[in-house]
Each structure stands twice: as C-alpha cells, then as structure tokens.
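We name chains A, B, ... by the order of the sequence lines, and we start the count at 1 in each one. As the structure is a prediction and not an experimental result, all values here were calculated from the model.
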Protein chains: 2
Amino acid sequence: MKYSKQREIILETLQKNAMHPTADMVYSILHVQYPNISLATVYRNLNQLTQTGVIRKLDGLDGSARFDHNTHKHHHFICAKCHRVYDVPYEVVPELATQAAAQTGLAVESCDIIFRGCCPDCLVKN
Amino acid sequence: MKYSKQREIILETLQKNAMHPTADMVYSILHVQYPNISLATVYRNLNQLTQTGVIRKLDGLDGSARFDHNTHKHHHFICAKCHRVYDVPYEVVPELATQAAAQTGLAVESCDIIFRGCCPDCLVKN
DNA sequence: ATCAAAATCAATAATGATTATCGTTATTAT
DNA sequence: ATAATAACGATAATCATTATTGATTTTGAT
C-alpha cells in the first residue's frame, strides 16, 4: 500500500473524533480544511484501513456504517434518541464467543454485540 | 391495520422459509406464484409486520436486512462463507442487557448479538 | 347487498449509501 | 530521472430501500 496524504488525514480525523463517525461525517469534517478531497477517497481509504486492520468498521448500528479508530476488543451502545455511539469495555461482557461455540457446536470465531437504550445525556434532557 | 391478501402470503412465506430471507428473497419466492406482487409491497408489509411485532428485522448481518418470523428472544450466527444465518438459542447467552446496564451505568434496554464463523456445512466442504 | 371512507396495491420515481470507472497525479523502486 | 503503479478527484452507476400516485380492495355502516 502506497502512502497518501489523504489516507493520513482520514486516519487522523478518526483518531481525533472518537464519536464513531460515518464516512460522510469524516468527509464533512475534512472538507473544511481540505475542500478538494473527494467523498470517494474517504470511502476508499476507510475501507482500506478497515481491511488492513488499522481501524474497525461498525455495521448495523444505524442506517450507515460507522468507523472506529479503537481496534481493541470492545462492544457498543447506541442511544435510540440521539444516535450517539458509546463504547462498552470488553471486560463487561464475558467470553461469549467461546461459550456460545461450546454450547452450540458452531465454529464461532467472533461476536459483535450492540446494546440499545437511552444515553445519560438524553435521560437528563427528558 | 386492514387485512390484505398480500400481507398474509408475505407472512406465510416467512414462516415457511425459516432461513432469514431478505426482502428481495421474499419477493423472488412469491413472484413465482404471484407474478403481480410488487417489491415495494413486500418492503411495505415486512416493515409493517416488524412494527407491529409480528416478525423481527435483523440488521447488520449482511449487506441487506433479513427478516425472522421467530419473535422469541434469540440471537444469530452468520457463516462467513455461505452467509447462511443460524439461530442461537437465548439460553446460550446470559442476561447480558441487565448485566451490562449494571456495570456501565447506561440505560440498556436490549442487545443484539451476532456470532460469526464457519458453519458445519462449509466446514465439511473444505 | 350497497356504497363511501380508509387502507392497500402495483408501478415506478426518488433517495441515500456505497462502489466502480476513468483520465490525471503522486509515490516509489530502479 | 524514469517508469510502473497505486491513489486521486469527479462523477456515473449500483444497490437497498422509501416515497409518490392513481387505481383497486377491504371494511363498516346503511
């Protein structure tokens, strides 16, 4: 993989904005400082970074995919009202994959957990 | 909600085909016997059935949403090779939502778990 | 059984997210 | 410095899904 300035600033954006932005959000943020960057470039590089394991792609949270610079094992919580995504530390959840594998006989390799509810911020506001 | 023949056969299709079909698959199956049914009708009714709790919509498994006639609490396993979806009984997984709520302080209301790996069928074939 | 109101339908246009294409530009190994 | 190639920007294309519209069914009251 060849170096590119664009990939670098896309990764930086993800690291600075830990709020699990969508591709479009990353584009919007970058577009301010770099008006020439293309949305296609953002998608292209987010996918590449995902494939090489530098970042993580989160599907099924919302309408569109979100991207996470934190590649350590952890899970997610999404607020039904504001749609903000929160991290749920891995330790909170037991070794589900291996447990489920043992009990079902399926060759489970991983598992994704999405918790849903109302976030503290939205609870206060209502 | 008013009765409609179309909604009835869409629900029947889901009950007969427990393989978690996509809207498009439901349409393809029905189109053989009912060439006049519209894809939009399938989407509309699958959404209605989901909203009234008759069926369940599964997001984040694959590219497109899948539908499940089984509304009992359970989780899912998707094979990385053939993309078939298997049910994982609820009992296999402990009371995650309440546990996670207690440990994170978030108002967790529910959680979806997707297990990933290779299904028995594909294991044999390789 | 009849008729109007409400819901649903089929067909299709529109939308939103994402990917593919293509001619140009930047990076890297020689 | 050059040639090979990977990446870029712009935009067209694709895919899944939703909205629109005018016609048809279903329902409930007469």
**Q.** ring pair (Phe, Tyr, Trp, His ring centres under 6.0 Å) involving A/H75 - partner list, sequence neighbours excluded
**A.** none
Q) Rounded to the Å, how far apart are A/I10 CD1 and D/dG9 C1'? A) 12 Å
Q: Would you please test A/V88 and A/I113 for side-chain contact (heavy atoms from CB on, under 4.5 Å) and show each step?
A: CA-CA 9 Å; A/V88 175; A/I113 309 180; over 6 Å; no
Q.
Measure NE2/B/H31 against P/C/dA11 and give the value in whole Å, please.
A. 8 Å
Q: Kindly determine whether A/F67 and A/I10 satisfy side-chain contact (heavy atoms from CB on, under 4.5 Å), including the steps that lead there.
A: CA-CA 11 Å; A/F67 295 87; A/I10 286 166; over 6 Å; no
Q | Under 4.0 Å protein heavy-atom contact, by nucleotide of nucleotides 25-30 of chain C - B base, S sugar-phosphate only | A | -BBS--
Q) Any idea how A/H76 and A/H74 line up, ring-wise: parallel (<30°), tilted (30 to 60°), or perpendicular (>60°)? A) perpendicular
Q | Phosphate-side-chain proximity, B/Q6 and D/dT25, N/O vs OP1/OP2 below 4.0 Å | A | no
Q) So, is A/T41 near the phosphate of D/dG9, with a side-chain N or O under 4.0 Å from OP1 or OP2? A) yes
Q) Could you give the CD-to-C1' distance, from B/Q48 to D/dT17, as a whole number of Å? A) 15 Å
**Q.** B/L106 vs A/F115, side-chain contact (heavy atoms from CB on, under 4.5 Å): CA-CA, chis, key distance, verdict
**A.** CA-CA 9 Å; B/L106 292 162; A/F115 296 95; over 6 Å; no
Q. Between the side chain of A/R7 and the main-chain N/O of A/K2, is any donor-acceptor distance below 3.5 Å?
A. yes
**Q.** Donor-acceptor contact below 3.5 Å, side chain B/N17 vs main chain B/M19
**A.** no
Q) For every nucleotide of nucleotides 15-23 of chain C, 5' to 3': is a protein heavy atom under 4.0 Å from its base (B), only from its sugar-phosphate (S), or from neither (-)? A) --SBBB---
**Q.** Integer-rounded Å distance: C/dA7 P and B/E8 CD
**A.** 20 Å
Q: Could you tell me the separation between the CD1 atom of A/I37 and the P atom of D/dG9, rounded to a whole number of Å?
A: 6 Å
Q.
Looking only at the side chains, is there a donor atom on one of B/H20 and B/D87 sitting less than 3.5 Å from an acceptor on the other?
A. yes
Q. When hydrophobic residues are tied together by side-chain contacts of less than 4.5 Å, even through go-betweens, does A/V26 share a cluster with A/L61?
A. no
Q: Let me know the distance between OH of B/Y27 and P of D/dA16, rounded to the nearest Å.
A: 14 Å
